[in-house]
Engineer: 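Could you have a look at this structure, given as structure tokens, before my questions?
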Amino acid sequence: MTRRHPSGGHRVAVTGIGLKSPAGNDLEAAYTAVLKGGSTAATVPRLIEADLPVHFACLVPEFDLDAYLTRRESRQIDRTTRLLLCAATDAVEDAVLPAGLTPERVGVQIGTGIGGLPSMEEVTLSHAARPRDMPVHTVPRTMANSPATRLAMRYGFRGPCTTYASACASGTTAVGEAARKIRYGDLDAALAGGTDSAVTTVVMGAFARMRAMSVRNADPERASRPFDTDRDGFVMAEGAAVLVLERWDLALARGARIYGEVAGFADNCDASHIVAPTEDGATAGRCMRQALADAGLSTADIGHINAHGTSTVLNDRAEARAIERCFHGQSPPVTAVKGVTGHLIGGSGALEAALALLCAARGSVPPIANLRASPEADLVDLVVGAPRSIARAAVLSNSFGFGGQNACLVLVPEDGGGPQSPGAAPHPRTPQQR
Amino acid sequence: MPTREELSLLVRTVISDVLGTEAEEVREQTSLEVDYGIDSLELMEVGARLERSLRLRIEVEDLTAAQTVGQAIDLLQARTAGRS
């Protein structure tokens with residue numbers, strides 16, 4: 001028997017995960033990397049050649065694109081879409097999705113912070129002076145919904161295909177909205193995730209003009225240091241992550257391996273400043289509370305928090321205050337994997353949801369890379385130096401975007417009886433028991 | 001004016017680049033529609049590239065009228081000859 005979600009709707013299972021990220025091109029590799037806590041940032045020569053003030057970024061390790069895409073497909077799409085299609089292919093394979101799905105009942109829900117801007121930048125630089133020679137595929141390559149719709153085309157999924165743009169929260173928004181569609185019966189399954197590839201001259205230059213990015217050019221590996229006293233901005237990354245979400249009862253019925261549940265989601269907006277978060281963290285804190293309430297959980301049920309933790313003073317300070325507010329000073333262990341992965345913009349929320357769920361399932365919270373001492377240490381319980389062992393429990397994953405966009409997910413690991421879950425119940429417990 | 005052989009190599013190279021294949025794979029008897037399911041945007045890209053290389057106005061209809069690559073080459077040869 002399958003119990004319902006506290007909302008009365010369907011529960012939502014995570015049954016597949018695929019990623020192409022600086023921390024690794026599959027979940028186990030990325031998990032190992034974040035637990036190690038070493039940054040993946042490195043000097044990127046083309047950024048120096050372009051005379052940018054920032055010389056480094058976190059790039060996706062090279063992999064065999066031809067194993068995923070034909071040359072014909074590949075030349076019609078940009079890197080943002082390529083990374084998404086590759087991550088999604090891995091996720092679908094990981095989920096072992098059955099062939100008999102009703103295509104109308106499967107959706108594609110994707111977040112992207114800047115969408116096709118990098119490829120529009122490229123065509124602008126190459127063709128602005130001779131617009132008549134532009135590639136015929138310029139519009140389909142650069143339009144914001146290109147990654148999501150290419151993904152729908154690849155599998156013939158004809159349910160709702162939506163592209164979410166909530167800046168750095170886009171991937172989290174997409175996963176949350178996909179879960180809602182399944183919960184309320186609009187979909188049986190969804191590919192949900194995020195993608196961006198923003199390591200370009202104009203995009204990097206633009207972020208650098210706001211002094212949002214670290215300029216620790218002499219020591220890139222020390223640049224991304226969420227919550228650390230010596231942080232000086234975020235580190236740009238690229239990548240994509242996709243989760244296969246399914247209605248819990250259908251996933252159980254087909255005998256799918258279940259990583260866990262997307263149990264809660266909430267989003268709201270500071271409506272205050274176009275880039276700076278509200279300093280007191282009140283609205284972000286409310287977003288966290290609403291996500292917990294949506295999952296039918298209390299603060300005591302949360303085993304750890306995956307912070308947005310960008311390594312900018314403004315984000316980290318406001319986020320620490322928001323957590324302190326939401327958890328009434330009783331902070332669970334807090335990690336921030338951007339110290340390792342850098343900031344994938346639209347890709348981050350989905351990547352971090354996947355990693356947070358795995359960490360929650362294995363009871364291991366990654367240390368925050370490069371964190372020595374933090375002015376926020378009195379507000380939140382930051383994980384420093386080595387992984388922290390915790391009991392298997394729900395995890396809160398935060399994403400906050402420019403524009404004051406806040407989005408929070410609550411993920412609950414499946415009690416599958418893994419090696420670190422002695423006494424794990426054979427069946428999911430009710431929310432009251434968690 | 002290019003010889004038919006030169007024209008053939010150019011056309012097959014452009015097509016193979018757009019379709020992500022090799023020039024040798026594209027033969028005179030190849031049908032882009034039947035063999036590759038070419039779509040209208042790809043066909044327009046082929047036309048645009050040939051226009052640039054041959055400095056010749058090419059209508060999409062010119063290319064869709066041809067059943068095979070060989071027929072398209074014949075048609076282009078007639079057009080380039082007509083111009084000189």
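Each chain gets a letter, A, B and so on, in the order its sequence line appears, and its residues count up from 1. Reckoned from all heavy atoms, side chains included, excluding hydrogens, waters and symmetry mates.
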Engineer: Listing request: all salt bridge (Lys or Arg N to Asp or Glu O under 4.0 Å) pairs with a residue in residues 82-102 of chain A, at least two apart in sequence or in separate chains.
Structural biologist: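 Qualifying pairs: A:Lys20-A:Asp90, A:Asp94-A:Arg257.
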
Engineer: Verify, without hydrogens or angle tests, whether A:Arg141 (side chain) and A:Arg75 (backbone) share a donor-acceptor contact under 3.5 angstrom.
Structural biologist: yes

Engineer: What residues of residues 100-132 of chain A sit under 4.5 Å from chain B when you count only heavy atoms?
Structural biologist: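 Checking residues 100-132 of chain A against chain B gives no residue, so none.
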
Engineer: Side chain, backbone, both or neither: which part of B:Glu51 has a non-hydrogen atom closer than 4.5 Å to chain A?
Structural biologist: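 Answer is neither: B:Glu51 stays 4.5 Å or more from chain A.
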
Engineer: Looking only at heavy atoms, which two atoms of A:Leu19 and A:Gly24 are closest? And how far apart?
Structural biologist: CD1-O, 3.2 Å

Engineer: Taking the basic N atoms (NZ, or NE/NH1/NH2) and the acidic carboxylate oxygens, is any pair closer than 4.0 Å for B:Arg49 and B:Glu45?
Structural biologist: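 Counted as a salt bridge, because a side-chain N and a carboxylate O are separated by less than 4.0 Å.
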
Engineer: Below 4.5 Å from any heavy atom of chain B, which atoms of A:Glu73 appear? Answer side chain, backbone, both or neither.
Structural biologist: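 Contact with chain B involves no heavy atom of A:Glu73 at all.
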
Engineer: Indicate yes or no: does B:Glu59 engage B:Arg79 in a salt bridge with an N to O separation below 4.0 Å.
Structural biologist: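 Salt bridge between B:Glu59 and B:Arg79, a charged N being under 4.0 Å from a carboxylate O: no.
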
Engineer: Can you give me the closest heavy-atom contact between A:Met236 and A:Val203, atom names plus distance?
Structural biologist: CE-CG1, 4.2 Å

Engineer: Between A:Asn145, A:Thr149, A:Leu191, which is the residue that forms a side-chain contact (heavy atoms from CB on, under 4.5 Å) with A:Cys161?
Structural biologist: A:Thr149

